[in-house]
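Reviewing the structure listed below.
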Protein chains: 2
Amino acid sequence: MDSFSIEKPVRYYDQVYNTLREMIVQGDLKPGDSIYEARIARDLNISRSPVREAVRALEKEGLLAIDEKSRITVYKPTLKDIVDIYECRMVLESLAARLTTRLATAQELQNIEKTVIDSKQYLDVEGERNRQALIAENGRFHELIIKYSQNRRLKKQLRDLHSLSHYFRTLNFQGENREWIVYNEHQDILAQMKRRDEDKAAFMMNKHLETDLEHLKEIFTRYTKE
Amino acid sequence: MDSFSIEKPVRYYDQVYNTLREMIVQGDLKPGDSIYEARIARDLNISRSPVREAVRALEKEGLLAIDEKSRITVYKPTLKDIVDIYECRMVLESLAARLTTRLATAQELQNIEKTVIDSKQYLDVEGERNRQALIAENGRFHELIIKYSQNRRLKKQLRDLHSLSHYFRTLNFQGENREWIVYNEHQDILAQMKRRDEDKAAFMMNKHLETDLEHLKEIFTRYTKE
DNA sequence: AGATTTTTAAGTGTCGACAGACTACAGAAG
DNA sequence: CTTCTGTAGTCTGTCGACACTTAAAAATCT
């Protein structure tokens, strides 16, 4: 009897929200692209009501922008926006590193370590496939640290900030041996967490994101200057 | 010819959003209260569509909670929630203090100073009227610092966090001579900003919010323990 | 009366419709 | 050929309607 479970029908507006969000974060919808709720509703064979609600949520989240004429576009950050976002990320993710250093169990630290170890194997080999895997593994490193911080609000805030800057995460691995730098910094942070030195862990996380930002700035100006 | 200006009609869902938000933050709607979109629509003589959209935005903002049975209630933070929120506020508002110390013009610093000076006059006199004015003035102090930080993302994040903890701002002034403590701390922060010492300014802001939090914790446990 | 079932009222999720705003384009006027 | 104007199509903002769910009230049975 227990094996039966009634599924509540998933609301359309939740599905639309998740779908659109995914499309934006995954890059199927690019920054600046126009969105038409009428069109989306038609494509999905539903009415506009659920779509509108999803759009309102995504706008509040910052992923969609609605101009004064009600035109909807995918959020396209300026360089200043990216700096702003990163400044916030730096302090919040430092906090996450601090809390996790303080609270994480040995097992949890091991889970974090695993992402570092695993990412190592992708470093030596070339190829698009490996690059994607590496990016995913690096993302996981940050995710876990946030997760183990045990601060719900922090998770929410950083989730939003991440999705806002996700577009650039892919760009982040261009140039010199950027992957190695990231790898080393992750290792450093982990080391401090294992030593339970929360001040240092927070500090290194801050620094890590700062170099990230510096690198992004370059990429950005190079990219938009053509 | 220039004196004519066409006003765009304000969208209902914007108005509903603002109205509901204000009602929650001002305390007309208390944490845990139930909300019915149908009822709101009826009261305002509009259809449910704009109300629903406003509700979705407020849910994303965190001011409304929607349970698995679609019942809508005003967000009622637990003690842990408050701690979480304050931990975020501490790092973000420290950042605001830092940026403002770095970037604010002399005039802007003077505007901040004004809130401190003005609040002084409410300290000596008793009475509900003065208490409200004092709370408003103290709020303005924080507002201005955030505003002058010139970081849009930071402003948004803190706006949300403030509204989430607003319910407690009123409680914050109970007990001993709490007002004086706050007043002094504000003065200290301002002093560091005027000296353009951003490290110290950020540090003191952090400390200020920490004592705030400690005090809130007490109040909270006292309040919910009856 | 107390427990159980049935009715009824009220709320949510979704839909299709309609008016008004914008855009793009075709045709008229210079 | 360019510029203005009219018009058709598309999109948004809002509405009222309907099905379904939940919760409360009423009715029924023991």
Side-chain angles (χ1 to χ4, degrees), chain A residues 4-21 23-24 28-76, chain B residues 1 4-24 28-76:
Chain A
F4 286 84
S5 68
I6 296 302
E7 304 173 21
K8 54 174 185 257
V10 182
R11 292 162 198 140
Y12 282 173
Y13 68 75
D14 271 337
Q15 295 185 59
V16 176
Y17 168 80
N18 287 322
T19 305
L20 282 180
R21 188 171 196 287
M23 287 175 70
I24 296 171
D28 303 321
L29 288 171
K30 303 213 178 309
D33 280 2
S34 275
I35 294 284
Y36 303 98
E37 43 172 77
R39 196 144 144 52
I40 292 172
R42 232 181 301 128
D43 289 352
L44 299 177
N45 256 308
I46 59 177
S47 82
R48 281 171 49 217
S49 310
V51 180
R52 293 198 109 231
E53 296 175 33
V55 168
R56 289 293 95 79
L58 287 164
E59 182 200 7
K60 194 87 195 68
E61 187 169 338
L63 283 175
L64 293 180
I66 302 183
D67 65 21
E68 66 292 345
K69 272 174 186 157
S70 298
R71 272 179 306 226
I72 308 166
T73 51
V74 177
Y75 174 60
K76 181 171 190 172
Chain B
M1 194 45 103
F4 287 83
S5 68
I6 296 301
E7 303 174 20
K8 57 174 182 257
V10 183
R11 290 159 198 143
Y12 281 174
Y13 68 78
D14 270 339
Q15 294 185 60
V16 176
Y17 168 80
N18 287 322
T19 305
L20 282 180
R21 186 169 198 288
E22 207 55 26
M23 287 175 70
I24 295 171
D28 303 321
L29 288 170
K30 302 208 182 309
D33 280 3
S34 275
I35 294 284
Y36 303 100
E37 43 172 78
R39 197 144 146 46
I40 292 172
R42 232 181 301 128
D43 289 353
L44 298 178
N45 257 308
I46 59 176
S47 83
R48 280 170 50 219
S49 311
V51 180
R52 293 199 109 230
E53 296 174 34
V55 167
R56 290 291 96 81
L58 287 165
E59 183 201 5
K60 193 86 196 70
E61 186 168 340
L63 283 175
L64 293 181
I66 302 182
D67 66 21
E68 66 291 348
K69 273 174 185 154
S70 300
R71 273 178 306 225
I72 309 166
T73 52
V74 177
Y75 174 58
K76 182 173 188 170

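Note on naming: letters A, B, ... go to the chains in the order of the sequence lines (proteins, then strands), and numbering restarts at 1 for each one.
- Taking CD1 from B:I35 and CG from B:L58, the interatomic distance works out to 9.0 Å, rounded to the nearest 0.5 Å.
- Taking A:A65 as the reference, A:T73 meet the side-chain contact (heavy atoms from CB on, under 4.5 Å) condition, with sequence neighbours excluded.
- Partners of A:Y12 by side chain to side chain donor-acceptor pair (under 3.5 Å), not counting sequence neighbours: none found.
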In B/S/- notation, 5' to 3', how is nucleotides 9-17 of chain D contacted by protein heavy atoms closer than 4.0 Å? --SBBBB-B

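- Under the rule for a side-chain contact (heavy atoms from CB on, under 4.5 Å), the partners of B:I66 that lie at least two apart in sequence or sit in another chain are B:V55, B:R56, B:E59, B:I72.
- A:D67 places its CG atom 11 Å from the C1' atom of C:dC22, with the value rounded to the nearest Å.
- In this structure, A:Y17 places its OH atom 17 Å from P of C:dG13, rounding to the nearest Å.
- Side-chain atoms of B:I40 and B:L20, non-hydrogen and from C-beta on, do get closer than 4.5 Å to each other.
- The CD1 atom of B:I40 sits 15 Å away from the C1' atom of C:dA10 (whole-angstrom rounding).
- Atom OH of B:Y36 has 12 or fewer neighbouring heavy atoms from other residues, nucleotides or ligands inside a 6.0 Å radius.
- In this structure, the helix from C:dA1-D:dT30 to C:dG30-D:dC1 shows an angle of 20° between the axis at its start and the axis at its end, each fitted on 5 base pairs and rounded to 10°.
- Legend: residues meeting side-chain contact (heavy atoms from CB on, under 4.5 Å) with B:S47, ordered by chain and number and at least two apart, are B:S49, B:P50.
- Side-chain atoms of A:V16 and A:I46, non-hydrogen and from C-beta on, do get closer than 4.5 Å to each other.
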